[in-house]
Protein chains: 2
Amino acid sequence: MTEDYSQYPKHLVAVDCIIFGFDGENLKILLVKRNFEPQMGEWSLMGGFIGSDETSDEAATRVLHTLTGLENIYLEQLKCYTEIKREPTARIMSISYYALINIEKDIQINEQYNAEWVELKKAPDLIFDHNDMVKDAVARLRRRASTRPIGFELLPEKFTMKDLQNLYEAIFDEKFDKRNFTSKVNSLDILVNTNKKDMSSSRKGSFLYRFDEKKYNKKISQGFMFKI
Amino acid sequence: MTEDYSQYPKHLVAVDCIIFGFDGENLKILLVKRNFEPQMGEWSLMGGFIGSDETSDEAATRVLHTLTGLENIYLEQLKCYTEIKREPTARIMSISYYALINIEKDIQINEQYNAEWVELKKAPDLIFDHNDMVKDAVARLRRRASTRPIGFELLPEKFTMKDLQNLYEAIFDEKFDKRNFTSKVNSLDILVNTNKKDMSSSRKGSFLYRFDEKKYNKKISQGFMFKI
DNA sequence: TCAAAAGTGTTAGTGTTACACCCATGA
DNA sequence: TCATGGGTGTAACACTAACACTTTTGA
């Protein structure tokens, strides 16, 4: 006996992206103002339906590319939301993805979507269950940030210790001690000092560092665990 | 302008369950031998399609109930697998769930599915991407077990320290020091000694403990963090 | 010479790991 | 009385958290 699939219902399945960015001070998310019904004019996450010949990862990548023009974005699947009435007009499942992008890269935000970077803490109410999605994404981001070096996805290639600390403080919404933070990071031994200085923030200038991915991967393969 | 959903493709969406159990010694998973095509006769996870009027959580609960007769099973969504060719006969997305059940509860395993408990370490090759699902589920179980008191879902209501240690050793596939384990667990202060003894394992007998969920919840609300 | 941010060590406390002997009991 | 598993404490070590002063430099 072969399974007869025609007896089973089919579903609309979308992806929604929680796009994180960091401006040196605050953690932000990229939101779009809907220019179509339902809920036209309200804020939401950027999303799109999954096509019949693409995976959800591909759909999320496509959606991000459409909005930002960027490729090779850090992307991770979060969760599938399947409440029947999560959207009022039809039963649509949605797989949420969170993305980390370097806000300084010259992004060509597609005008057509009315997209805007908003501070995470000041984000407006979103439609449907998108507020939940953001909450879940922040929780995941915190967990990941403490066990994987994903923070660097949010920073420019070269950054100061202060930038890095600001980032972690923004992610965890918590202040850290400068000396403890620096020595913790240094003890990980996965940054290289470029010996260049950023002179914009002080007279003395502060050293610019780079994440050494090769070294990190080598250490990982030797049993090293990132932990911050 | 209102969205016209008819232009978007619909998809078959299933759930697949990684069902963990513990027999006092080994971590096991409940597998079924397929009695339908494709891949009839091969081992797979228990699964089922999501209906049009049920959420994925409900579908997973239904699938588990159908197989085991149990209700109120600990269940957590894991991940949505969407590779186009993950099943050979049709494009089917699948949301994986992992479940924890107390193997000693008198489960009425539904005969019709040829289900069997197999040791995790000795599990046979599974169809499709079910091996990946199991791998992901084990990773999640380890993470959860170290930060949430979910281990108790796998044990009978009363258990000895040894049982608990055996369980954690099985989950993490690692031996722990008996004294350190006991004092760690005791320091959490979320177990109660029932002052009854299990006399089956030794002449002296060993105390039976119970997880004090109320106390745990109270401690959690006061900022306590489970960590093992 | 001063204002402003960068850079840098030490100490106390807490948690983690390693380790071995006595206890209670039924046979 | 002995064989078996149950139960228990301590010391070294590693990690974490708290804390303040000196350096550099452009204005």
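What you are looking at is a predicted structure, and each value in this text was computed from that prediction instead of being measured. Throughout, protein chains are lettered first and strands after them, A, B, ... in sequence-line order, and every chain is numbered starting at 1.
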Under-3.5 Å N/O pairs linking protein and nucleotides 18-23 of chain D:
| unit_1 | atom_1 | unit_2 | atom_2 | d |
| --- | --- | --- | --- | --- |
| D:dA18 | N7 | A:Asn180 | ND2 | 2.9 |
| D:dA18 | N6 | A:Asn180 | OD1 | 3.0 |
| D:dC19 | N3 | A:Arg179 | NH2 | 3.4 |
| D:dC19 | N4 | A:Asp177 | OD2 | 3.2 |
| D:dA20 | N1 | A:Arg179 | NH1 | 3.4 |
| D:dT23 | O2 | A:Lys204 | NZ | 3.0 |

What's touching nucleotides 14-16 of chain C from the protein side, N or O pairs under 3.5 Å?
none

query = salt bridge (charged side-chain N to carboxylate O under 4.0 Å, His left out) between A:Asp198 and A:Lys162: does it pass, once the steps are laid out?
reply = CA-CA 11 Å; A:Asp198 166 31; A:Lys162 186 104 203 293; over 6 Å; no

key: Whole angstrom value for the distance that separates C1' of C:dG7 from CG of A:Asn186   = 11 Å

query = Do the side chains of A:Leu191 and A:Phe159 get nearer than 4.5 Å, heavy atoms only?
reply = yes

query = Are B:Lys122 and B:Lys28 close enough that some pair of their side-chain heavy atoms sits under 4.5 Å apart?
reply = no

Nearest-Å distance for atom pair NZ/C1', residues B:Lys196 and D:dG6 = 19 Å

A:Phe181 CZ - C:dG7 P separation (whole Å) = 13 Å

inquiry  = Nearest whole Å is fine: how far is C:dC23 C1' from B:Met161 CE?
reply    = 18 Å

request  = Send over the distance from B:Phe176 CZ to C:dA18 P, rounded to a whole Å.
outcome  = 12 Å

Rounded distance in Å - NZ (B:Lys175) to P (C:dA18) = 16 Å

task = May I ask you to check whether A:Tyr81 and A:Glu83 show a side-chain donor-acceptor distance below 3.5 Å?
result = no

task = Taking atom types as modelled, find out whether B:Asp163 and B:Thr160 have a side-chain donor-acceptor pair closer than 3.5 angstrom.
result = yes

ask   = In terms of side-chain heavy atoms of A:Arg203, which of C:dT25, C:dA5, D:dT25 is nearest?
value = D:dT25

query = Hey, does A:Val32 have a side-chain heavy atom less than 4.5 Å from the side chain of A:Leu45?
reply = no

ask   = Quick one: CG on A:Asp132 to CZ on A:Arg86, what's the gap to the nearest 0.5 Å?
value = 10.0 Å

query = Starting at CE of B:Met199 and ending at P of D:dT4, how long is that distance when rounded to a whole Å?
reply = 16 Å

ask   = Given side chains that start at C-beta, do those of B:Ile50 and B:Ile95 come closer than 4.5 Å, heavy atoms only?
value = yes

task = Taking atom types as modelled, find out whether B:Asp57 and B:Tyr97 have a side-chain donor-acceptor pair closer than 3.5 angstrom.
result = yes

ask   = What is the distance from CG of B:Leu164 to P of D:dG6, rounded to the nearest Å?
value = 14 Å

